[in-house]
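Presented below is the structure to which this report refers.
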Amino acid sequence: MKLQIFDADYTMLNDKPVVRVFCKDESGKTFCVFCKDYMPYFYALGDQEKIRQQLKKFEGEIRKIETVKRFLPVGYQKEKTEVLKITTKNPSKVPDLRDSLDCRTFEADILFKYRFFADKNIGGMGWIEVEDKFVNTTTVSCKGLETKKIKSIVSDKNAPLKTMALDIETETPTDRLPETGKDAITMLSLAFSKSYMGQKDMVIVSKHVRLREDQKKNTICVESEKKMLEKFKDIIDQYDPDVITGYNIENFDFPFIVGRMEKLGIKRDLGRAKDKSVFCSKYGPRSTTRITGRVVADSYQIIKRDFSFKSYKLDAVAEKLLGKKKIDISYRDFNKIWNGKAEELQKFIDYSRRDSVLALDLIEKKNLMDKYVALSKVSGILFQDALNGGETIRIENVLLKEFNKKDVLFPLKPSDREIMERAKKRKKSELKGGLVLQPKAGLHTDGYILVLDFKSLYPSIIRTYNICPTTLLSDDIKVKCNLSPIKTRFVDSEIRPGILPFVLERLIKERSVVKKRMHQEKDRDEKRLLYAKQWALKILANAFYGYTGYLRAKTYVVEVANTITAFGRELLQKTREEITNMGYEVIYGDTDSVFVKVKTKDLENAYRKGNQIVSKIKLPGKLVLEFEKTFRSFLILTKKRYAAWSFEKTNDEWTEKIEMKGIETVRRDWPDIVTETMNVVINIILKEGDVKKAIRYVQGEVDKLNAGEVDLKKLAVTKSITKSVDRYEGMLPHIELAKKLRKRSPSQAPVAGSRISFVIIRGNQMLSKRAEDPEYISENKLKIDSCYYIDNQLLPPLERIFSVIGVDKGELLGKGRQCNLKDLLKPAKRNHKIETPPEKIIIESPEGFLCRECKRNFRRIPLVGRCDCGGELFAFGNGNMGKLIKIC
DNA sequence: TACTTTCGGGG
DNA sequence: GTGTACGAAAGTA
């Protein structure tokens, strides 16, 4: 029968390991394949007699010791080396054996299931064929079958998966977060991708509540928390989900549920293996939950990885992605509601239900699993590990298989001591990165900017020059090789193809096949899966370079990482020269891209030139320079910080957009006014090329601020309070506000863990003391501190932009923040209408301005129209002085 | 300007 | 489970 691998582990049966591979068939039924007769092993290199001697005291653990020949992993090896292959009985004892030996060992830190996968040439979410020899089993909840032979099958299909979302509500004290030891779970809500007992969702309530009519069918009331958790277990058993999701379940719901189950004496076997409990592990801030046979997919974790948002609260995320919101109840009221009237409780039940429905919808409607299923397939790791793990586990799994196929030993992960040594060495002879060309800063609108990119630069370099730990030559060997710009040498691929180049070639070729299929595919779902697959192949291929220079990598060799970037720098440099020699101006470039200016105002013409340039450049091996897009206008501040109006041609149609790199416009703790103003300014500059208009816009915003016409919401900054307000040492605006609120109304003061919004108001206290609650401000008609918003929030990021387009930087950044913006706006002479009561005096060309409060002198009017101290300005000239009313 | 420390999400 | 592991932004030297 044909099965898709979903999860795997092993268990000991009669002192022998049995690998359990949890699978799905095409219809979605679950099976567990038991694989006996597979034993753990590792390798040891050194004095063989001595090693055998040392292993004597572990005799009971060892099945077999044999001498075999393998290639060592680092440096080109002409011949294989003799090593001992030590086959043992119990995977969990391997670390002890490994550590007791004082010689080098290999492959003694590979998870048993992954060792099994590598040897059987199978992997996570891959398909296999096994004989359907069913066996009786009590250890797993699904049908078991035993097999001696596992055949790997190539298939892009995916078995249908059942997903269940969960969310808990707990007793919530007002002054701290709930804790498993003290607070009970009050409600537990579930949502199902495929309905359960005819329902799409279900809430279990830990006490009897009078339900609304419409709630009766999908709400279960029981008399205690214990009964509720038992009911929850029953539902898991019956519904038997493959994937369990929820919002922040790994950090909150699961540890909490497990904690309560433990406290109430409920067995925690929620998985498909009845002999294993839910496993929640915590290290510092991060915790993970593992349930054998199922997959825990936290929608919060996934969204945090895959999307860039200002806030990742469920309410905000659901609003953005689904257009749906949470039901509005404050956690402060939870306890009151829980102990309150039926009507309120009914709403609370809705609230709970909505949360798990949202968590499920995020996963299902946004197809958030696609990428991770694809990553699992292309790298061979388990689906669960694709969701939790990073690049390292993927790369190592792929490499282990390839190393083994080629009879090359795979190194152990480095010890802490080794990592420290690597770090020390690294500091001395630094790992150099890509080349970034010095940009011609400023606004470029005279012609088009062509953006030329090297197609997967580092993977291509690795393939072109056969770069791999296994092909690195030491100085003494003389063979045909590739010499790098930093004088490292790698053996020629004819003599020994490297493993890295070999794997990359496979990945890149497969990707181009998948991409072609994707473009031809008409079915939306199929197309989506192909997209995910080619994406995963790209991500995997691009991670190899990073891995070679990663301190904790098993195959870390600095020379390898350094060679790759050295070739990259040389390539970029040479390309720049060639393009310059062709008569074009290269205005910027970063690692794998060059930005070329062409003096044409015609888009199609620019497009032709781009293709022309690219076709003329000669490159070695697998390297390809691509012309991808062109900028109609380009504003570059510094290296890695620019904004551009970009045009890209796809299927004969141009798509345009504003592209921004390194310019902070979506930072969490900037008020919206800054983000909005920045975006508008950049748009005006790029799309209209009208710097003066942009300045007028800024002026307008400044005026609005001064006039108090800006919506408080746009000025508010939200920060969180993490500990008790009194334990903060420094002066922080939001903490000072929290203290103020506590004084005003101790009952609803913000507590540790809550978030608080504030706006800075006018006054003469220090900044932190002037943070105020937006609601309080509007109720009491307080004045906001416009100077603060202008000088400290709005202007700094704007100054960075304006300073590169003609406004003198030194002056702008100077302490007087004399207003160069204003100069640009009105270059020649300027009339200031000055009014001096009682008579009106117009001072034609004022010599300067004086602050009425602090008597400070200004040569020009600050942009804000006021002194730093907030005082009013008077203009003087021709011996007269008058009040400044307006700048024309 | 570079480095160290903090905080997210959940109730 | 032959496991040990985040990342961005704020604050500070």
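Just so we're on the same page: letters track the sequence lines, and every chain starts at 1.
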Tell me the salt bridge (charged side-chain N to carboxylate O under 4.0 Å, His left out) pairs involving residues 387-401 of chain A, sequence neighbours left out?
-> none
Shortest side-chain distance from A/P95, nucleotide among C/dT2, B/dG11, C/dG1 = C/dT2
With sequence neighbours left out, what residues match A/Y43 under side-chain hydrogen bond (donor to acceptor under 3.5 Å, both in side chains)?
-> A/R70
For A/L314, which contact category applies under a 4.0 Å heavy-atom criterion: base, sugar-phosphate, or nothing?
-> sugar-phosphate
With sugar-phosphate meaning primed atoms plus P, OP1 and OP2, does A/R290 contact a base, only sugar-phosphate, or nothing at under 4.0 Å between heavy atoms?
-> base
Identify which nucleotide among C/dG1, B/dG11, B/dG9 has an atom closest to any side-chain atom of A/K313, counting heavy atoms from C-beta outward.
-> B/dG9
Only counting residues at least two apart or in another chain, list the ones meeting salt bridge (charged side-chain N to carboxylate O under 4.0 Å, His left out) with A/D269.
-> A/K233, A/K267
Minimum-distance nucleotide (side-chain atoms of A/Y247 versus B/dG10, B/dG11, C/dT2) | B/dG10
Between C/dT2, C/dG3, B/dG10, which one does the side chain of A/S281 approach most closely?
-> C/dG3
So what does A/R552 touch, heavy atoms closer than 4.0 Å: a base, only the sugar-phosphate, or nothing?
-> sugar-phosphate
Classify the nucleic acid contact of A/I249 as base, sugar-phosphate or nothing, counting any heavy atom under 4.0 Å across all strands shown.
-> nothing
side-chain hydrogen bond (donor to acceptor under 3.5 Å, both in side chains) filter on A/D355, not counting sequence neighbours, yields A/K326
Residues in side-chain hydrogen bond (donor to acceptor under 3.5 Å, both in side chains) contact with A/T288, at least two apart in sequence or another chain | A/S281
With heavy atoms under 4.0 Å as the rule, sort A/K276 into base, sugar-phosphate or nothing.
-> nothing
Counting just side-chain N and O atoms, does A/K326 come under 4.0 Å of either OP1 or OP2 of B/dG11?
-> yes
Counting side-chain heavy atoms from CB outward, which of B/dG9, B/dG11, C/dT2 is closest to A/V94?
-> C/dT2
Given atom CZ of A/R63 and atom C1' of C/dT2, what is their separation to the nearest angstrom?
-> 16 Å
Under 4.0 angstrom, heavy atoms only, what part of the nucleic acid is A/D298 near: base, sugar-phosphate, or nothing?
-> nothing
For A/F279, answer base if it contacts any base atom (sugar-phosphate contacts may also be present), sugar-phosphate if it contacts only those atoms, and nothing otherwise; contact means non-hydrogen atoms under 4.0 Å.
-> base
So which protein N/O to nucleotides 2-4 of chain B N/O distances come out below 3.5 Å?
none

Return no unless some side-chain N or O of A/Y312 is found under 4.0 Å from OP1 or OP2 of B/dG10.
-> no
Side chain of A/Y300, backbone of A/A359: donor and acceptor closer than 3.5 Å?
-> no
Base, sugar-phosphate, or nothing for A/D99, non-hydrogen atoms under 4.0 angstrom?
-> nothing
Would you mind classifying the nucleic acid contact of A/Y41 as base, sugar-phosphate or nothing, using non-hydrogen atoms under 4.0 angstrom?
-> base
Heavy-atom pair with the smallest gap, counting every atom of A/Q54 and A/D102 = NE2-OD1, 2.9 Å
With heavy atoms under 4.0 Å as the rule, sort A/F334 into base, sugar-phosphate or nothing.
-> sugar-phosphate
Using the C1' atom in both, what is the distance from C/dC6 to B/dG11, to the nearest Å?
-> 23 Å
Have a look at A/K304 and say if it touches a base, only the backbone sugar-phosphate, or nothing, with a 4.0 Å heavy-atom cut-off.
-> base
Do A/Y556 and A/Y547 have ring centres separated by under 6.0 Å?
-> no
Would you tell me if any nitrogen or oxygen in the side chain of A/K113 comes within less than 4.0 Å of OP1 or OP2 on C/dG3?
-> no
Quick one: A/Q301 CD to B/dG10 P, roughly how many Å, whole number?
-> 12 Å
